[in-house]
Amino acid sequence: MAQKNRLKYILLGLLKKQRQTGYDLAKSFDSDIGEFWTANHSQIYPLLKRMEADHLIAHEAITVGQKLQKKQYYMTSAGQQTFNAWLKSPSDLTGSHDEFILKLFFIDDPKSELLRPMITTQQQYHDEKLHHLEQQFQEKFPNQKRIDQDFGHSLVLRHAIDRERGYSNWLAEMVQTIKTE
């Protein structure tokens, strides 16, 4: 089965909220969406061109300053239909690419000198990530009104917090397992 180009749907979703330039779309991956999905300029700009050729989006030239022309993209009705169809479709369950898990897989000896430093370093990373996500939630969703205004985003952030909390707890258990062996 062909893999979905999920980035296309992310860009459509961002354009559903408001018109944006390619630069604005790329910046979205530095914060909110970047918490759970990555994309870079070399992926975004060619995809915008293909999406426009497929009539999913269009652009309007805007002038910034005295001469600078920028393309401000917006979703077309075909793009809206495509986006809505994607929202209604079943989501694929694909494995994540967790490098730590991959490394851990290759540790054969429970007394390996590498094990404790690997786990404690990873635990520190996930504890910091958890703290960052909790701060993000407090800043972005200080009250129920803000949650209701961007409900989906609040759910995704809660999921990320739960994921990091679970990962951190699992790592803490692994440290205890190593101590008793």
Side-chain angles (χ1 to χ4, degrees), residues 1-18 20 22-44 47 83 86-181:
M1 178 178 0
Q3 185 174 351
K4 296 178 192 174
N5 185 343
R6 291 175 183 92
L7 180 56
K8 170 175 78 174
Y9 300 110
I10 293 170
L11 296 176
L12 286 171
L14 290 169
L15 292 173
K16 182 178 187 263
K17 291 185 177 223
Q18 65 184 21
Q20 297 186 57
Y23 176 79
D24 295 331
L25 291 165
K27 292 297 287 176
S28 296
F29 291 91
D30 291 342
S31 59
D32 299 335
I33 290 178
E35 298 291 351
F36 62 92
W37 205 272
T38 60
N40 55 44
H41 294 279
S42 64
Q43 295 172 291
I44 293 169
L47 182 55
F83 183 73
W86 173 71
L87 286 177
K88 294 174 186 175
S89 70
S91 297
D92 293 333
L93 296 175
T94 56
S96 65
H97 296 161
D98 185 335
E99 187 178 16
F100 171 72
I101 296 297
L102 181 61
K103 290 176 181 178
L104 196 58
F105 180 81
F106 292 108
I107 301 291
D108 294 327
D109 180 3
K111 295 181 177 157
S112 170
E113 296 175 4
L114 298 172
L115 204 51
R116 182 178 300 285
M118 283 174 62
I119 292 173
T120 55
T121 299
Q122 197 70 10
Q123 186 173 19
Q124 181 181 358
Y125 168 78
H126 283 281
D127 288 345
E128 289 170 3
K129 179 96 172 161
L130 174 60
H131 179 71
H132 167 76
L133 291 169
E134 289 172 336
Q135 281 184 316
Q136 288 288 309
F137 192 88
Q138 288 174 355
E139 290 171 16
K140 293 176 191 292
F141 303 106
N143 54 48
Q144 190 62 44
K145 181 179 178 186
R146 281 293 301 129
I147 290 171
D148 292 344
Q149 289 172 340
D150 208 354
F151 189 66
H153 184 184
S154 75
L155 292 178
V156 169
L157 202 45
R158 284 180 184 166
H159 169 67
I161 289 168
D162 288 345
R163 178 194 66 224
E164 291 305 319
R165 187 174 291 128
Y167 206 124
S168 187
N169 290 341
W170 173 73
L171 289 165
E173 289 174 24
M174 293 304 101
V175 168
Q176 293 304 313
T177 301
I178 293 169
K179 285 182 182 178
T180 59
E181 291 183 354

Inset, instruction - Could you tell me which non-hydrogen atom of Ile147 sits nearest to which non-hydrogen atom of Ser154, and how far apart they are? - result: CG2-OG, 3.5 Å
Legend entry - CD (Glu113) with more than 12 external heavy atoms under 6.0 Å: no
Legend entry - Spacing of CD1 belonging to Ile178 relative to CG belonging to Leu115, to within rounding of 0.5 Å: 3.5 Å
Inset, instruction - With sequence neighbours excluded, tell me which residues meet side chain to side chain contact (heavy atoms under 4.5 Å, CB included) with Thr121. - result: none
Inset, instruction - Not counting sequence neighbours, which residues clear ring pair (Phe, Tyr, Trp, His ring centres under 6.0 Å) with His159? List them please. - result: none
Inset, instruction - Give the intermediate values and the outcome of side-chain contact (heavy atoms from CB on, under 4.5 Å) for residues Gln136 and Glu139. - result: CA-CA 5 Å; Gln136 288 288 309; Glu139 290 171 16; 4.2 Å; yes
Legend entry - Worked check of side-chain contact (heavy atoms from CB on, under 4.5 Å) between Trp37 and Arg6: CA-CA 10 Å; Trp37 205 272; Arg6 291 175 183 92; 3.3 Å; yes
Legend entry - salt bridge (Lys or Arg N to Asp or Glu O under 4.0 Å): pairs with one or both residues in residues 141-158, sequence neighbours excluded: Lys17-Asp150
Inset, instruction - Report yes if some heavy atom in the side chain of Ile44 is under 4.5 Å from a heavy atom in the side chain of Phe29; otherwise report no. - result: yes
Legend entry - Contact summary for Ser112 and Ile107, nearest pair of heavy atoms: CB-CG2, 3.8 Å
Inset, instruction - Mind checking side-chain hydrogen bond (donor to acceptor under 3.5 Å, both in side chains) for Asn169 and listing every partner two or more places apart, or none if nothing turns up? - result: none
Inset, instruction - Go through the structure and list residues passing ring pair (Phe, Tyr, Trp, His ring centres under 6.0 Å) with Phe137, not counting sequence neighbours. - result: Phe141
Inset, instruction - Could you pull out all residues at least two apart from Asp109 that satisfy side-chain hydrogen bond (donor to acceptor under 3.5 Å, both in side chains)? - result: none
Inset, instruction - With sequence neighbours excluded, give me every salt bridge (Lys or Arg N to Asp or Glu O under 4.0 Å) pair touching residues 163-172. - result: Glu134-Arg165, Asp162-Arg165
Inset, instruction - Identify the two heavy atoms, one from Ser28 and one from Gln20, that lie closest to each other, and give their separation to 0.1 Å. - result: OG-OE1, 4.0 Å
Legend entry - Listed partners of Asn40 passing side chain to side chain contact (heavy atoms under 4.5 Å, CB included), at least two apart: Ser42, Gln43
Legend entry - Atom of Ala39, atom of Leu7 and distance for their closest heavy-atom approach: CB-CD1, 3.7 Å
Inset, instruction - Only pairs at least two apart or in different chains count here, so list each salt bridge (Lys or Arg N to Asp or Glu O under 4.0 Å) that has a residue in residues 117-130. - result: Glu35-Lys129
Inset, instruction - Measure the spacing between CG of Leu130 and NE2 of His126 and express it to the nearest 0.5 Å. - result: 10.5 Å
Inset, instruction - Quick one: list whatever passes salt bridge (charged side-chain N to carboxylate O under 4.0 Å, His left out) with Lys16, sequence neighbours left out. - result: none
Inset, instruction - For Phe83 and Leu15, run side-chain contact (heavy atoms from CB on, under 4.5 Å): C-alpha distance rounded to whole Å, both residues' side-chain angles, the deciding distance at 0.1 Å, then the answer. - result: CA-CA 10 Å; Phe83 183 73; Leu15 292 173; over 6 Å; no
Legend entry - Partners passing side chain to side chain contact (heavy atoms under 4.5 Å, CB included) against Phe100 (at least two apart in sequence or in another chain): Asp98, Leu104, Met118, Ile119, Gln122, Tyr167, Trp170, Leu171
